[in-house]
Amino acid sequence: MNSDRFLLPAPVEALLWKLGRLLFHGVGLAWQLFMVAPLIIVVVVSFTSASYLMFPPPGYSLDWYREVLSLSWIRSAVTSSLIIATCATLIAVVIGVLASRVLAKRPFRGRGLVEYLVLSPLFLPGVVIGFAIFNVLVMIQVDRVAMPQMIIAHVMITLPFVIRSVWASMAGADISLEEAAQSLGATPAQTFWHVVLKSARPGILAGAILAFTFSFNDVTISIFLTSSRVTTLPVQLVSHIEYNPDPSPAAISTLMIAITLALFVFLARIGGLNAFLER
C-alpha cells in the first residue's frame with residue numbers, strides 16, 4: 001500500500017502543527033494559572049487591612065502577621081509539626097538509605113514488587129492511607145498515643161521520597177570508586193561511609209528536604225491521627241478557617257509558602273531535585 005496517499009499537504013500539516021503548539025502552550029498556561037493564581041491570592045489577602053477574607057483587599061497592613069503571634073494554638077501546633085516532621089525525616093532517611101543501597105546494589109528476584117510496595121504511598125490517595133492507618137491503630141488499641149503514631153504514619157508517607165532520590169543517586173554512582181576503596185584496604189563499612197554516602201549526598205539531602213516539606217505540610221493523613229493534645233499546624237489551620245474566617249490563616253499560609261519555596265530553591269541549587277526526578 002502506498003503511504004503517500006495518507007500524507008497531508010504541506011500547508012495543512014504546517015497549520016495543524018501551529019495549532020497543536022498553540023493548544024499545548026495554552027493548556028500549559030492555563031494549568032500554571034490554575035496552580036499559581038490561588039497562591040498569589042493568598043499572599044495578597046494576607047496583607048489586607050480588613051477583618052475578614054476578601055479579594056482584592058480594601059487596604060494593606062501587617063496587622064495579621066502580628067495577630068498570628070498572639071494565637072493561642074500557634075506555638076504548640078508549630079512545635080508539634082516540627083517535632084513530627086524532623087523525627088519522621090530522620091527515620092525515613094536512615095531506612096531509605098539502607099533500602100536504596102539494597103535496591104541499587106544488584107538485581108534480585110522480587111525487586112519490582114519491593115519497589116512497588118515502598119513507592120506505593122506516592123500513588124495512593126492520602127485520605128485512603130490516613131483512614132487505613134487510623135483503622136489499624138483502633139484495631140490494635142493504640143489510637144490514643146498521638147505523637148508516636150503520627151511519626152510512624154509520616155515515616156510511611158515520606159519514605160518513598162527518600163528512596164526515590166537516594167536510589168537514583170546510588171544507581172548512577174561509579175562502582176569503580178567502591179572497588180578502588182576496597183582494593184586499597186577499606187572495610188565495607190568504611191567504603192559505605194566515605195564513598196557510597198558521599199556520592200549519594202545530593203540525593204540524601206534532596207530526599208530529606210522533600211520528606212520534611214511533605215510531612216510538615218500534610219493534612220489528609222494527619223487529620224485522622226490528631227488528638228486534643230497533639231495537633232499539627234496544617235490541621236489546626238483548617239480548623240481555624242472553619243470557625244474563624246479572618247485573614248490570619250492567609251498570613252500563616254504565606255509564611256509556609258515562603259519557607260517551602262526557599263527549601264526548593266536550595267534543593268535546586270545543590271542539584272538534588274534532578275536526583276529525585278531521574279527515576
message: I'd like to check Phe216 versus Leu82 (side-chain heavy atoms, cut-off strictly below 4.5 Å). Are they in contact?
response: yes
- request: Could you tell me the separation between the CD1 atom of Ile221 and the CD1 atom of Ile157, rounded to the nearest 0.5 Å?
  value: 4.0 Å
- request: Would you kindly confirm whether Leu23 and Leu33 end up in one hydrophobic cluster when ILVMFWY residues are joined by side chain heavy atoms under 4.5 Å apart?
  value: no
task: Work out which heavy atom in Ile133 is nearest to a heavy atom in Ala153; give both atom names and the distance.
output: CD1-CB, 3.7 Å
message: Taking the side chain as everything from C-beta on, heavy atoms only, tell me whether Ser222 gets closer than 4.5 Å to Pro234.
response: no
task: Verify the cluster assignment for Val44 and Ile41: are they in a single hydrophobic cluster under the rule of side-chain heavy atoms below 4.5 Å apart?
output: yes
query: Which distance, rounded to the nearest 0.5 Å, do you find between the NE2 of His240 and the CD1 of Ile74?
result: 9.5 Å
- request: Kindly say whether Trp73 contributes a backbone atom to a donor-acceptor pair with the side chain of Gln236 at under 3.5 angstrom?
  value: no
field: Side-chain heavy atoms of Leu237 within contact of Val219, under 4.5 Å
entry: no
- prompt: Looking at CG of Leu90 and CD1 of Ile95, how far apart are the two atoms once the value is rounded to the nearest 0.5 Å?
  reply: 11.0 Å
statement: Across all chains, not counting sequence neighbours, the salt bridge (Lys or Arg N to Asp or Glu O under 4.0 Å) partners of Asp63 are Arg66
message: For the OG1 atom of Thr89 and the CD1 atom of Ile84, what is their distance to the nearest 0.5 Å?
response: 11.0 Å
task: State whether the number of non-hydrogen atoms from other residues, nucleotides or ligands found under 6.0 Å of Met256 atom CE is greater than 12.
output: yes
task: Under the side-chain contact (heavy atoms from CB on, under 4.5 Å) rule, what do Trp64 and Val45 come out as? Steps first, then yes or no, please.
output: CA-CA 10 Å; Trp64 292 107; Val45 169; over 6 Å; no
query: Run the side-chain contact (heavy atoms from CB on, under 4.5 Å) check on Met150 and Thr232 step by step: do they pass?
result: CA-CA 10 Å; Met150 193 84 74; Thr232 62; 4.3 Å; yes
query: Just checking, any donor-acceptor pair under 3.5 angstrom between side chains of Tyr65 and Ser46?
result: yes
- prompt: Would you say the side-chain atoms of Ser165 pair up with the backbone N or O of Gly203, donor to acceptor, closer than 3.5 Å?
  reply: yes
Separation of Ser100 OG from Ile163 CD1 (nearest 0.5 Å): 5.5 Å
- prompt: Looking only at atom types and distance, does a side-chain atom of Ser215 sit under 3.5 Å from a main-chain N or O of Phe212, one as donor and one as acceptor?
  reply: no
- prompt: In terms of hydrophobic clusters joined by side-chain contacts under 4.5 Å, are Tyr60 and Ile40 together?
  reply: yes
Heavy-atom side-chain proximity of Val43 to Phe47 below 4.5 angstrom: yes
query: Would Ile152 end up clustered with Leu225 when hydrophobic side chains under 4.5 Å apart are linked, directly or stepwise?
result: no
- request: Indicate if Val42 and Leu62 have the same hydrophobic cluster label, given that clusters are the connected sets of ILVMFWY residues with side-chain heavy-atom separations under 4.5 angstrom.
  value: no
field: Separation of His154 NE2 from Asp218 CG (nearest 0.5 Å)
entry: 4.5 Å
